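All of these numbers come straight from a predicted model, not from anything done at the bench.
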Amino acid sequence: MLVAAMNPEDLDAMDESVPFTKVTLDNLLGVEHNEESYRYYFTCFEEAQRKRSVIGASDQLKKAIKWNYDEFLRATTASQIPVVRDFQFRIKQIG
């Protein structure tokens with residue numbers, strides 16, 4: 001509940017299989033990650049995404065989407081990233 005109150009957009013992004021931005025991850029964990037540790041998180045996220053089971057159209061979209069590391073490194077929240085907004089729109093269309 002505390003995470004939802006502090007970071008509602010980020011909680012939504014997590015539900016939709018969107019990686020955390022570096023700023024968000026730092027804030028959630030209370031630690032400032034260096035670029036190497038954030039890259040490790042992001043790489044692991046992408047690896048898990050590739051291994052995702054596909055059951056329906058939304059799973060296929062979640063598995064196929066390509067995230068730009070540099071955008072997530074620099075943005076404060078995922079909702080600031082155009083491809084994330086497009087992805088969220090497409091997920092809502094799928095239902």
Minimum heavy-atom separation for [X] to [Y], with atom names?
| X | Y | result |
| --- | --- | --- |
| P19 | F42 | CG-CE1, 3.8 Å |
| V18 | F45 | C-CZ, 3.6 Å |
| S17 | K62 | OG-CD, 3.7 Å |
| T77 | T21 | C-CG2, 3.5 Å |

Hydrophobic clustering (ILVMFWY, side-chain heavy atoms < 4.5 Å, transitive) - are [Y] and [X] grouped together?
| X | Y | answer |
| --- | --- | --- |
| L73 | L28 | yes |
| V23 | L25 | no |
| V54 | I65 | no |

Q. Can you find a pair of side-chain heavy atoms, one from T43 and one from Y69, that are under 4.5 Å apart?
A.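 Counting from C-beta outward, T43 and Y69 never come under 4.5 Å.
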(Q) With heavy-atom distances below 4.5 Å as the criterion, would you say the side chains of E32 and K22 are in contact? (A) yes
Q.
With no hydrogens and no angle check, just 3.5 Å: does a side-chain donor-acceptor pair link N34 and S37?
A.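 Note: N34 and S37 side chains meet the donor-acceptor criterion.
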Q: I would like to know whether V84 and W67 meet side-chain contact (heavy atoms from CB on, under 4.5 Å); could you show each step before the answer?
A: CA-CA 8 Å; V84 171; W67 303 115; 3.6 Å; yes
Q | Charged N-O contact under 4.0 Å between K63 and D59 | A | no
Q: Please report the C-alpha distance between K66 and V83 in whole Å, then the side-chain angles of each, then the deciding distance to 0.1 Å, and finally whether the side-chain contact (heavy atoms from CB on, under 4.5 Å) criterion is met.
A: CA-CA 9 Å; K66 302 295 182 216; V83 71; over 6 Å; no
Q: Please find out if less than 6.0 Å separates the ring center of Y38 from that of Y41.
A: yes
Q: With rounding to the nearest 0.5 Å, note down the distance linking CG in D86 to CD1 in I81.
A: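 So the gap between those two atoms works out to 12.5 Å.
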Q. Does CD belonging to Q93 count more than 12 external heavy atoms closer than 6.0 Å?
A.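 Atom CD in Q93 is crowded, with more than 12 foreign heavy atoms closer than 6.0 Å.
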